[in-house]
There are 2 protein chains.
Amino acid sequence: MSVATVSRALNNTRSVDPALADRVRTAAAELGYQPNAIARNLRRRGTRVWALVIPNIDNPFYTALARGVEEAASELGFSVLLYNTDEDEGREHRYLDVAGQERVAGAVLVPRARDSDVSSLLDAGIPLVVVDRPLDRGGDFVTAASFEGAETATEHLLSEQWRRPACISRPADTPTAEQRRQGYQAVVDRHGLPSVVCQIPFHAEEGVAMVDELLAGEDAPDSFLTVDSMLALVVLQALRRRRLRTGRDVGLISFDDAVWAQVVEPPLSVVAQPAYEIGVAAARLLSERIRDGFDETGARTVTMRTTLIVRGSSRPPPSPRG
Amino acid sequence: MSVATVSRALNNTRSVDPALADRVRTAAAELGYQPNAIARNLRRRGTRVWALVIPNIDNPFYTALARGVEEAASELGFSVLLYNTDEDEGREHRYLDVAGQERVAGAVLVPRARDSDVSSLLDAGIPLVVVDRPLDRGGDFVTAASFEGAETATEHLLSEQWRRPACISRPADTPTAEQRRQGYQAVVDRHGLPSVVCQIPFHAEEGVAMVDELLAGEDAPDSFLTVDSMLALVVLQALRRRRLRTGRDVGLISFDDAVWAQVVEPPLSVVAQPAYEIGVAAARLLSERIRDGFDETGARTVTMRTTLIVRGSSRPPPSPRG
DNA sequence: TTGTAGGCGTTATCAT
DNA sequence: ATGATAACGCCTACAA
């Protein structure tokens, strides 16, 4: 029989004799035939692969996100290429380029900054869903309510009698970190309190020293809001160094409900983000764009809720001071 | 000029007029031309993509491994497909299949068990480097010295006056966990002590309850060796429930130096594995196999050293008992 | 040095 | 329902 018939049989196209189709399938199985996706992609003018570009695979928030994206992708019949930019613009740019050359069917991107250059994707007509950190240029976007989450956390700190909360954040060109800082700032402003912000670079060895310095200063903060879980680690180490205990000597709330949050003493209060669900939502959005083609005008933004989980680290000092 | 000339110019083939080549390149740049990797792959009969198949992206050991593989791959000009099996044999098998169909140039695999079926890769002639957990069938393999690491840790527990160490492990068909259990067992046997082993399934909700039960039993263990960092979390939660403190009421050492190990009180003693370096080594090995073709006979095994890092959680009880 | 043309493995189109 | 065939975009003999 002809190659065409075989192709049809294997692809379950109607209009092929069931008996014949069966023969083809068994033969294929026996010979261990595997369709060549490369040739198929060429013919179909497109791959069944997505790119997932994240800033830091060591941050549990992004691994949970990745899990969501990968799981949903696999259910939709896509494989996902992992690109870890390490918060480096150069790497991000190169990765976006090679993703374009690989002719991925779509991409999920957590950009380094608001002005990340996504032209290689867009020029190639590759659908893009941006996640966690927004892009100035707009486009489909999935995130959690950073500003509100930070507001709620800061308010909580104040309601627990903490009087000088500080915000431990990231460089100001990091959109999400900046939104959280602003949420914090809105609250301290509202209460007529001074704003104390410390921006710790991503790859800094000196993070602990920076927080330590803050603690050593004149009007040292009595509590902290950290914008990601790695920063909570930094603060906890600085506190340990000075023998300061959370939920007693200082208050602490962190973004992201890391797995270890419940084994520190006292347990860590957090602003939880639904990282996995964000990944799944991004995947769904992307697959729709791929199916329906994408239309600059109809950009959608999905904002997920954050949840303040109060545990021991933010409880009030034994004898209220305020 | 002809397409052939253009192709040659873009690929820096010698035997093309430099001036002409330059014109081609500028033109290509201006038009934003991107070579179509799909067509190129078809022609070259191979992609520039690897598959990375891991059991659990939430386990920091595997994310560090992934980081190593991805970084090295990218330097070698490869992209990497991420497949997260979630310790599920069915998923593993399906993933290996699609990786084969995607005609990846090579694969790095952390198999579910010793008998994982890698035939779809092998039949397709795709080089494979197995990592962390060995396969019965042999082949290139990179890992850390699990048995010895467990021995050292258990000896340390005993030298610190702990008398009834237990091993919190994983299902017996998990090669690495099993090796660690054996390392533990060798030591307790040698000392004429009873072996207490608890195998906690990967997706178990009841892990904490299982450890709690152990603690409640007659001859409850006075110390623990956990075979991965997620299990350390489980033990710590069980201990918290009973208000037991490590490095005092019980001893604890875990495999894998998780980021949070130094912020629990007291800090966690660990058997550290060079996860990142294991990933890099696997990548190097894979790229050699791809270059030189691979030869069943010359399978190589790379075993990295583990390091016992003694911190507070394994220090002896205040008043020696024994 | 440059051009021509065949083929990589599929699938879609057009006949039969 | 099946068969023949062209095309997807690139690379590389081979010819000029």
Side-chain angles (χ1 to χ4, degrees), chain A residues 1-49 77-79 97-105 120-121 123-126 290-291 293, chain B residues 1-49 77-79 97-105 120-121 123-126 290-291 293:
Chain A
M1 77 199 67
S2 79
V3 292
T5 311
V6 175
S7 170
R8 286 189 275 249
L10 260 23
N11 291 328
N12 286 317
T13 312
R14 227 159 307 286
S15 87
V16 53
D17 185 68
L20 221 180
D22 246 21
R23 277 212 298 148
V24 171
R25 274 191 285 268
T26 40
E30 272 177 32
L31 299 175
Y33 168 83
Q34 287 204 312
N36 183 325
I38 305 177
R40 169 180 290 166
N41 292 340
L42 181 59
R43 179 64 239 230
R44 300 223 237 248
R45 302 146 151 271
T47 63
R48 293 295 281 174
V49 172
F78 291 91
S79 292
D97 243 43
V98 333
Q101 288 181 213
E102 289 289 347
R103 294 295 199 270
V104 295
S120 24
L121 257 29
D123 293 351
I126 295 173
I290 291 171
R291 200 159 18 79
Chain B
M1 78 199 69
S2 79
V3 291
T5 312
V6 175
S7 168
R8 286 189 274 247
L10 260 23
N11 292 327
N12 286 317
T13 312
R14 229 159 305 287
S15 86
V16 55
D17 185 68
L20 220 180
D22 246 19
R23 278 212 297 147
V24 172
R25 274 190 287 268
T26 40
E30 272 177 32
L31 298 176
Y33 169 83
Q34 287 204 311
N36 183 326
I38 304 178
R40 168 180 293 166
N41 291 341
L42 181 59
R43 175 67 235 236
R44 300 222 238 251
R45 299 142 154 269
T47 62
R48 294 295 281 175
V49 172
F78 290 92
S79 292
D97 242 43
V98 333
Q101 290 181 209
E102 289 290 346
R103 294 296 197 268
V104 295
S120 24
L121 256 30
D123 293 351
I126 295 173
I290 290 171
R291 200 161 17 80

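Protein chains get the first letters and strands the later ones, always in sequence-line order, with residue 1 at the start of each.
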### Task
Give the angle between the helix axes at the two ends of the helix from dT1(C)-dA16(D) to dT16(C)-dA1(D), taking five base pairs at each end and rounding to 10°.
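The angle separating the two end axes equals 40°.
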
### Thr5(A) side-chain N/O to dG3(D) phosphate OP1/OP2 under 4.0 Å
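Result: yes.
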
### Task
Would you grab the first and last nucleotide of DNA chain C (5' to 3') that comes under 4.0 Å of any non-hydrogen atom in chain B?
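Boundary nucleotides touching chain B, in 5' to 3' order, are dT1(C) to dG9(C).
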
So which heavy atom on [X] is nearest to which on [Y], and how close?
| X | Y | answer |
| --- | --- | --- |
| Pro35(B) | Arg103(A) | O-NH1, 3.6 Å |
| Leu10(A) | Tyr33(A) | CD2-CE2, 3.6 Å |
| Ala21(B) | Ala9(B) | CA-CB, 3.9 Å |
| Ala99(B) | Leu121(B) | CB-CD1, 4.4 Å |
| Phe78(A) | Ile290(A) | CZ-CD1, 4.3 Å |
| Gln34(A) | Ala124(B) | OE1-CB, 4.4 Å |

### Contact letters for nucleotides 8-16 of chain D, in which S counts primed atoms plus P, OP1 and OP2 and B counts the base, heavy atoms under 4.0 Å
BBBBBB---

Distance in Å, [X] [atom1] paired with [Y] [atom2], rounded so as to fall on 0.5 Å steps:
| X | Y | atom1 | atom2 | result |
| --- | --- | --- | --- | --- |
| Arg8(A) | Asp17(A) | CZ | CG | 12.5 Å |
| Arg43(B) | Asn36(B) | CZ | CG | 14.5 Å |
| Met1(B) | Arg23(B) | CE | CZ | 4.5 Å |

### Message
One pair to check against side-chain contact (heavy atoms from CB on, under 4.5 Å): Ile38(A) and Thr47(B). What are the steps and the verdict?
### Response
CA-CA 8 Å; Ile38(A) 305 177; Thr47(B) 62; 3.7 Å; yes

### Query
Using a cut-off of 4.0 Å on non-hydrogen atoms, how would the nucleic acid contact of Leu20(B) be classed: base, sugar-phosphate, or nothing?
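Result for Leu20(B) = sugar-phosphate.
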
